[in-house]
Asker: 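Below is the structure I would like to discuss, written out as structure tokens.
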Amino acid sequence: MPAFITGARGHDFGRHTPADLLGAIGQAGFACTQLAYTKAVEGVSSYSDVTPQLVEATRQAVQDTGVSIAVYGTYVELSYVDEDRRKAEVAKVLSQIGNARILGARCMGSETTPMAKQPGVRRQDAQEALLRSLGEILPACEEAGVLFGIECVYHHAMNTPEATRMVLDTIASPNLKIICDLANYIGAENAALDDQRRIWDKVGSWYGDKIAAVHFKGQAFKPDGSHYSTSLEDSAIDYAGGFAMLRQLPQASLPVLREEAVPARAASDIAFMEQFYK
């Protein structure tokens, strides 16, 4: 069973200097974070603002606070079918591989582009664009010894366990990993407990050993089928079944990152999350 390490998404704590950000995360009781410079660090609006001095300040803050970087977040759109736009997104990732390595991040991470950002584009075409992007990113990650995690999301290009397995099998890189957000696999039509557990079975048996990080958030569904964020206590997600799967994985440890964290609720959120670890 992995040792689960409780963390939080950095930009839920607002924009700060690296020292103040990691300090606040640690003081709230979290041991690790998902750091996205463009969302969490003051003065950073693009990757060109991520200077060697800023990375060194972050590395020092990790050392001083003990809050590690579980995921180096690169919020990019890897499934754009327009080649110029897609290549520009890939370039952002390539520019950050060295920084992820310097910071000792467990992995880099990205989602795979909401379908709504490309009206009229078929999901198959978006997935093929994703494969082209990963085919350009993973050789550089392999050379640098950096892992790259992608996240399955219900309304994105890579949206099901089946699609995720296809991407992993096609790219076939030991450095390609999965960020597992239980809530992001679930829509209103598969929210019944038995349906959720069938999904967890697929995730665990097909690629559970590829999971590099776990996201944890609350989600429920409106009568029209749309989803909305909730507290963890009011969530419709089957955390018990999901963690029964995660507890069977061979990884020595796994970070579990609270998304949509409210710092004032950190203690109760941590207690809620950690009840599923054993």
Asker: For Thr65, check side chain to side chain donor-acceptor pair (under 3.5 Å) against everything at least two apart and list the hits.
Answerer: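 With neighbours one apart ignored, the set is empty.
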Asker: So do Glu259 and Phe216 actually touch side chain to side chain, heavy atoms under 4.5 Å?
Answerer: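 No. Closest side-chain heavy atoms not under 4.5 Å.
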Asker: If you draw a 6.0 Å radius around CZ in Arg132, do more than 12 non-hydrogen atoms from other residues or ligands fall strictly inside?
Answerer: yes
Asker: What pairs with Thr230 under side-chain contact (heavy atoms from CB on, under 4.5 Å), at least two apart in sequence or on another chain?
Answerer: Ala220, Tyr228, Asp234, Ser235
Asker: Taking the side chain as every heavy atom from C-beta outward, state whether Met166 and Gln127 have any atom pair closer than 4.5 Å.
Answerer: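 Of all side-chain heavy-atom pairs linking Gln127 with Met166, at least one is under 4.5 Å.
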Asker: Asn184 and Glu151: side-chain donor and acceptor closer than 3.5 Å?
Answerer: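 Judged by distance alone, the side chains do pair up.
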Asker: Using a 4.5 Å cut-off between side-chain heavy atoms of Ile, Leu, Val, Met, Phe, Trp and Tyr, which other residues end up in the same hydrophobic cluster as Ile5?
Answerer: none
Asker: Answer yes if the side chains of Ser173 and Glu142 hold a donor-acceptor pair under 3.5 Å, and no otherwise.
Answerer: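 Note: Ser173 and Glu142 side chains meet the donor-acceptor criterion.
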Asker: For the residue pair Met115 and His155, establish whether any side-chain heavy-atom pair is separated by less than 4.5 Å.
Answerer: no
Asker: Can you get from Val214 to Tyr154 by hopping between Ile, Leu, Val, Met, Phe, Trp and Tyr side chains that sit under 4.5 Å apart?
Answerer: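 No, because Val214 and Tyr154 fall into different hydrophobic clusters, even though each may have its own neighbours under 4.5 Å.
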Asker: Applying side-chain contact (heavy atoms from CB on, under 4.5 Å), can you list everything that pairs with Glu143, at least two apart in sequence or on another chain?
Answerer: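 side-chain contact (heavy atoms from CB on, under 4.5 Å) check on Glu143 returns nothing, list empty.
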Asker: Sequence neighbours left out, what pairs pass salt bridge (Lys or Arg N to Asp or Glu O under 4.0 Å) with at least one residue falling in residues 27-50?
Answerer: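 Qualifying pairs, neighbours excluded: none.
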Asker: Could you tell me whether a side-chain N or O of Gln196 sits under 3.5 Å from a main-chain N or O of Asp238, the two making a donor and an acceptor?
Answerer: yes
Asker: With distance as the sole test, does Arg265 use its side chain to make a donor-acceptor pair with the main-chain N or O of Ile270 at under 3.5 Å?
Answerer: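 Checked: no pair found.
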Asker: Any chance the side chains of Tyr72 and Gln96 put a donor and an acceptor closer than 3.5 Å?
Answerer: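 Note: Tyr72 and Gln96 side chains meet the donor-acceptor criterion.
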Asker: Say whether Val90 and Tyr47 are linked into one hydrophobic cluster, either directly or through other cluster members, by side-chain heavy-atom distances under 4.5 angstrom.
Answerer: yes
Asker: Is Gln219 reaching over with its side chain to a backbone N or O of Ile237, donor-acceptor style, under 3.5 angstrom?
Answerer: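 Between the backbone of Ile237 and the side chain of Gln219 there is no qualifying donor-acceptor contact (under 3.5 Å).
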Asker: Does any non-hydrogen side-chain atom of Ile137 lie less than 4.5 Å from one of Leu78?
Answerer: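 With C-beta onward as the side chain, the pair touches.
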Asker: Do any pairs count as a ring-ring contact (aromatic ring centres under 6.0 Å, His included) and have a residue in residues 117-139, sequence neighbours left out, and if so which ones?
Answerer: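 Applying ring-ring contact (aromatic ring centres under 6.0 Å, His included) to every pair that reaches into residues 117-139, excluding sequence neighbours, yields nothing.
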Asker: Could you tell me whether a side-chain N or O of Ser79 sits under 3.5 Å from a main-chain N or O of Thr112, the two making a donor and an acceptor?
Answerer: yes
Asker: Below 4.5 Å, heavy atoms only, C-beta onward: do Val93 and Ser110 meet side chain to side chain?
Answerer: no
Asker: Taking only residues two or more places apart in sequence or in another chain, which ones pass ring-ring contact (aromatic ring centres under 6.0 Å, His included) with Phe272?
Answerer: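 Per chain and number, Phe272 pairs via ring-ring contact (aromatic ring centres under 6.0 Å, His included) with Tyr239, Phe276.
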Asker: Can you tell which of Ile179, Leu134, Asn175, Ile97 makes a side chain to side chain contact (heavy atoms under 4.5 Å, CB included) with Phe148?
Answerer: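 Exactly one candidate clears the test, Leu134.
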Asker: Under a 4.0 Å threshold between the charged nitrogen and the carboxylate oxygen, would Lys202 count as salt-bridged to Glu162?
Answerer: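 Yes, charged N to carboxylate O under 4.0 Å.
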Asker: Determine whether the side chains of Ser253 and Arg106 contain a donor N or O and an acceptor N or O closer than 3.5 Å.
Answerer: yes
Asker: Check whether any side-chain heavy atom of Phe243 lies under 4.5 Å from a side-chain heavy atom of Trp200, and answer yes or no.
Answerer: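 No, every pair of side-chain atoms sits at 4.5 Å or beyond.
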Asker: Are any of the side-chain nitrogens in Arg86 or Glu83 under 4.0 Å away from the carboxylate oxygens of its partner?
Answerer: yes
Asker: Can you list everything that forms a side chain to side chain donor-acceptor pair (under 3.5 Å) with Arg165? Sequence neighbours excluded, please.
Answerer: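 Arg165: no side chain to side chain donor-acceptor pair (under 3.5 Å) contacts found.
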Asker: To the nearest 0.5 angstrom, please state how far the CD1 atom of Ile150 sits from the CE atom of Met108.
Answerer: 13.5 Å
Asker: Sequence neighbours excluded, which residues qualify as side chain to side chain donor-acceptor pair (under 3.5 Å) partners of Glu274?
Answerer: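 So Glu274 forms a side chain to side chain donor-acceptor pair (under 3.5 Å) with Thr6.
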Asker: Linking directly or through intermediates, with side-chain heavy atoms under 4.5 Å: list the remaining ILVMFWY members grouped with Val121, chain and number order.
Answerer: Val81
Asker: Is it true that a side-chain atom of Arg15 and a backbone atom of Leu21 form a donor plus acceptor pair closer than 3.5 Å?
Answerer: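 Side chain of Arg15 to backbone of Leu21: no pair is present.
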Asker: Under 3.5 Å, is there a donor-acceptor pair between the Tyr37 and Thr58 side chains?
Answerer: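 Distance-only check passes for Tyr37 and Thr58.
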Asker: Are Arg85 and Tyr80 in a cation-pi setup, meaning NZ or CZ lies under 6.0 angstrom from the ring centre and within 45 degrees of the ring axis?
Answerer: yes
Asker: Just so I know, are the side chains of Val41 and His16 near enough to count as touching, which here means a heavy-atom distance under 4.5 Å?
Answerer: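 Val41 does not reach His16 side chain to side chain.
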Asker: Enter the distance from Thr160:OG1 to Asn190:CG here, rounded to the nearest 0.5 Å.
Answerer: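 If we round to the nearest 0.5 Å, Thr160:OG1 and Asn190:CG are 10.5 Å apart.
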Asker: Identify whether the distance between the nearest side-chain nitrogen and carboxylate oxygen of Asp194 and Arg197 falls below 4.0 Å.
Answerer: no
Asker: Do side-chain atoms of Arg123 reach the backbone of Asn159 as a donor and acceptor pair under 3.5 angstrom?
Answerer: no
Asker: Taking only residues two or more places apart in sequence or in another chain, which ones pass ring-ring contact (aromatic ring centres under 6.0 Å, His included) with His215?
Answerer: none
Asker: Which residues pass the side chain to side chain donor-acceptor pair (under 3.5 Å) test with Lys117, sequence neighbours left out?
Answerer: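 So Lys117 forms a side chain to side chain donor-acceptor pair (under 3.5 Å) with Glu77.
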Asker: Could you walk me through whether Gln118 and Thr113 satisfy the side chain to side chain contact (heavy atoms under 4.5 Å, CB included) test, starting with their C-alpha distance in whole Å, then the side-chain angles of each, then the deciding distance to 0.1 Å, before giving a yes or no?
Answerer: CA-CA 9 Å; Gln118 302 186 92; Thr113 309; 4.1 Å; yes
Asker: Answer whether the closest heavy-atom distance between the side chains of Glu136 and Lys87 falls below 4.5 Å.
Answerer: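 Counting from C-beta outward, Glu136 and Lys87 do come under 4.5 Å.
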Asker: Using modelled atom types and a 3.5 Å cut-off, is there a donor and acceptor pairing between side-chain atoms of Gln248 and backbone atoms of Gly208?
Answerer: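 No, Gln248 side chain to Gly208 backbone: no donor-acceptor pair under 3.5 Å.
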Asker: Any donor and acceptor pair, going by atom type alone, linking the side chain of Ser95 with main-chain N or O of Lys92 inside 3.5 Å?
Answerer: yes
Asker: Is the backbone of Ser46 close enough, under 3.5 Å, to the side chain of Thr38 for a donor and an acceptor to pair up by distance?
Answerer: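 No, because the side chain of Thr38 does not come within donor-acceptor range (under 3.5 Å) of the backbone of Ser46.
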Asker: Going through the distances and angles, do Glu260 and Arg9 end up as a salt bridge (charged side-chain N to carboxylate O under 4.0 Å, His left out)?
Answerer: CA-CA 7 Å; Glu260 302 171 357; Arg9 189 170 64 178; 5.1 Å; no
